[in-house]
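The structure appears below as structure tokens.
Just so it is clear, the values below take in all heavy atoms, side chains as well, and ignore hydrogens, waters and symmetry mates.
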Amino acid sequence: LAVTNRDYDKAYAYLADLKNKPTYEEFRQSFLNGMVNSDNVAVDVGEQQIDGDVASVELNLIYASSDPFSSSYRNLDHAALVRQDGDWKITSMPYNFWDYNWYQPSGPVND
């Protein structure tokens, strides 16, 4: 909801504190540059599966029709979360809400 409301401060606070977490500015720029675009998609939260400090949440993504003669359609996906300091934090989300560059190592990799 924070992403669809363009409340990037609040949305960023939901990200897990893991290695290679994007900076707030990298996070925000992903939305402003269109790398992540949640326009024309709604989310229906489904069941969750919790196993200790990790969880998977079922998300039904509802995409708006691109023309007046078509109907909307749904796509089932999942979000992954981890419990950190008693709060659930997101480690991955579907494409419309997630830049797959987040949490990836940057720069040259040393063996």
Side-chain angles (χ1 to χ4, degrees):
L1 189 57
V3 167
T4 58
N5 289 333
R6 292 176 173 43
D7 186 348
Y8 302 121
D9 288 323
K10 188 173 190 175
Y12 186 75
Y14 291 122
L15 293 184
D17 291 322
L18 300 173
K19 186 175 181 179
N20 300 312
K21 178 180 179 179
T23 64
Y24 170 74
E25 192 55 31
E26 290 168 335
F27 176 80
R28 191 175 76 88
Q29 285 300 318
S30 292
F31 293 96
L32 298 177
N33 293 336
M35 296 299 293
V36 180
N37 186 349
S38 62
D39 293 345
N40 295 326
V41 63
V43 177
D44 186 14
V45 178
E47 296 182 23
Q48 71 272 351
Q49 294 181 347
I50 300 172
D51 185 11
D53 287 335
V54 296
S56 176
V57 178
E58 187 176 86
L59 301 175
N60 282 295
L61 303 177
I62 307 162
Y63 295 91
S65 170
S66 60
D67 64 69
F69 303 106
S70 301
S71 59
S72 63
Y73 65 96
R74 291 176 173 257
N75 186 37
L76 179 63
D77 213 323
H78 291 83
L81 296 95
V82 63
R83 190 182 341 238
Q84 294 182 326
D85 299 322
D87 294 322
W88 287 103
K89 300 290 184 162
I90 300 168
T91 60
S92 70
M93 287 279 288
Y95 163 75
N96 296 87
F97 301 93
W98 197 260
D99 186 334
Y100 290 103
N101 290 319
W102 298 342
Y103 295 101
Q104 299 301 314
S106 59
V109 177
N110 296 327
D111 291 327

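Grouping the Ile, Leu, Val, Met, Phe, Trp and Tyr side chains by contacts below 4.5 angstrom, directly or via other members, places Y24 with I90. Under a hydrophobic clustering in which Ile, Leu, Val, Met, Phe, Trp and Tyr are joined whenever their side-chain heavy atoms come within less than 4.5 Å, directly or via other members, V82 and F97 fall into different clusters. Both L61 and Y14 are members of a single hydrophobic cluster when ILVMFWY side chains are connected at heavy-atom separations under 4.5 Å.
Taking Y63 as the reference, N96 meet the side chain to side chain donor-acceptor pair (under 3.5 Å) condition, with sequence neighbours excluded. By the ring-ring contact (aromatic ring centres under 6.0 Å, His included) test, F69 is found to be paired with no residue, residues two or more places apart in sequence or in another chain being considered. With sequence neighbours excluded, no residue satisfies salt bridge (Lys or Arg N to Asp or Glu O under 4.0 Å) with D9. Applying the ring-ring contact (aromatic ring centres under 6.0 Å, His included) test to Y103 and every residue at least two apart in sequence or in another chain returns W98. Residues forming a side chain to side chain donor-acceptor pair (under 3.5 Å) with N5 (at least two apart in sequence, or on another chain): none. Partners of Y95 according to the ring-ring contact (aromatic ring centres under 6.0 Å, His included) rule, which considers only residues two or more places apart in sequence or in another chain, do not exist here. For K21, the side chain to side chain donor-acceptor pair (under 3.5 Å) partners are D17, not counting sequence neighbours.
Side-chain atoms of Y12 come within 3.5 Å of backbone N or O of P22 as a donor-acceptor pair.
Within the structure, salt bridge (Lys or Arg N to Asp or Glu O under 4.0 Å) contacts touching residues 85-97 (residues at least two apart or in different chains) do not occur. Sequence neighbours left out, not one pair with a member in residues 34-57 passes ring-ring contact (aromatic ring centres under 6.0 Å, His included).
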Taking only distance into account, with no hydrogens and no angle test, what donor-acceptor pairs under 3.5 Å do side-chain atoms of residues 39-59 form with protein atoms, sequence neighbours excluded?
residue, atom, partner, partner atom, Å
D39, OD1, R6, NH2, 3.2
D53, OD1, R83, NE, 3.0

Please table the atom pairs, donor to acceptor, closer than 3.5 Å between any side-chain atom in residues 26-33 and protein atoms at least two apart or in another chain.
residue, atom, partner, partner atom, Å
E26, OE1, T23, N, 2.8
E26, OE1, T23, OG1, 3.4
R28, NE, E25, OE1, 3.4
R28, NH2, E25, OE2, 3.0
Q29, OE1, N33, ND2, 3.4
Q29, NE2, E25, OE2, 2.9
S30, OG, E26, O, 3.1
S30, OG, D99, OD2, 2.9
S30, OG, W102, NE1, 3.2
N33, ND2, Q29, O, 3.3

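Nearest heavy-atom pair across A11 and A2 is N-CB, 3.6 Å.
The hydrophobic cluster containing L76, built from Ile/Leu/Val/Met/Phe/Trp/Tyr side-chain heavy atoms closer than 4.5 Å, comprises no other residue.
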